[in-house]
Amino acid sequence: MGKIKVRELQDRYRLLRDWYGRDAARTEMAAHVPPAQALSDVLVGICADFVDPDIQVRMELEARWNEIAGKGMPWLRLSSFSCGVLLLEVKHPAMLRELSGCAEIWRDRVNQVLERPDLCCEVRFVPAGRGTRP
């Protein structure tokens with residue numbers, strides 16, 4: 001938020017304080033401030049010019065991981081994202097074997113949640129400890 005916008009909000013608060021009093025002005029001011037945003041969305045916007053796009057995608061994946069994978073998968077962890085390839089670490093070898101046939105489903109889920117159809121082109125499952133972390 002720029003200095004002009006902050007100054008405008010301060011002027012509105014002073015005006016509302018003069019009209020309604022100090023306590024009521026705070027309540028009335030809620031209608032004049034912008035809605036809350038997720039911190040990850042703000043950071044992606046700020047960092048867009050100087051952070052590697054793959055790191056931006058990783059930040060977004062981490063922020064929305066529960067939405068992508070759900071809370072019932074503690075044995076699956078985001079490892080890395082690079083050039084459209086998502087590596088997911090699997091903590092148990094039996095689960096690694098089970099997931100090997102589901103890569104396309106996971107790819108589609110990631111693209112659907114992040115609302116970018118061509119973002120992730122491949123998902124690979126790797127044993128825990130073998131993934132590359134930036």
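This chain uses plain numbering: 1 for the first residue, then up along the sequence.
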*Identify, with sequence neighbours excluded, every residue that meets side-chain contact (heavy atoms from CB on, under 4.5 Å) alongside Asp52.*
Asp54, Ile55
_Expected output: side-chain Asn111 to main-chain Cys120 donor-acceptor under 3.5 Å_ = yes
_Using 0.5 Å steps for rounding, measure from the CG atom of Leu61 to the CG atom of Leu86._
6.0 Å
*Show your working on side-chain contact (heavy atoms from CB on, under 4.5 Å) between Trp106 and Leu76 and close with a plain yes or no.*
CA-CA 12 Å; Trp106 280 91; Leu76 185 65; 3.3 Å; yes
*Under the side-chain hydrogen bond (donor to acceptor under 3.5 Å, both in side chains) test, which residues partner Gln56, sequence neighbours left out?*
none
*asked:* Please enumerate all residues that pass salt bridge (charged side-chain N to carboxylate O under 4.0 Å, His left out) together with Arg124, with sequence neighbours excluded.
replied: Glu122
*With sequence neighbours excluded, tell me which residues meet salt bridge (charged side-chain N to carboxylate O under 4.0 Å, His left out) with Asp11.*
Arg14
*Any ion pair linking Arg116 and Glu60 (charged N to carboxylate O, less than 4.0 Å)?*
yes
*asked:* Going by salt bridge (charged side-chain N to carboxylate O under 4.0 Å, His left out), name the residues that satisfy it together with Glu67, two or more places apart in sequence or in a different chain.
replied: Arg64
*Under 3.5 Å, is there a donor-acceptor pair between the side chain of Arg107 and the main chain of Val85?*
no
*Treating Ile, Leu, Val, Met, Phe, Trp and Tyr as nodes and any side-chain heavy-atom pair under 4.5 angstrom as an edge, say whether Val113 and Ile105 lie in one connected cluster.*
no
*Identify, with sequence neighbours excluded, every residue that meets salt bridge (charged side-chain N to carboxylate O under 4.0 Å, His left out) alongside Arg17.*
none
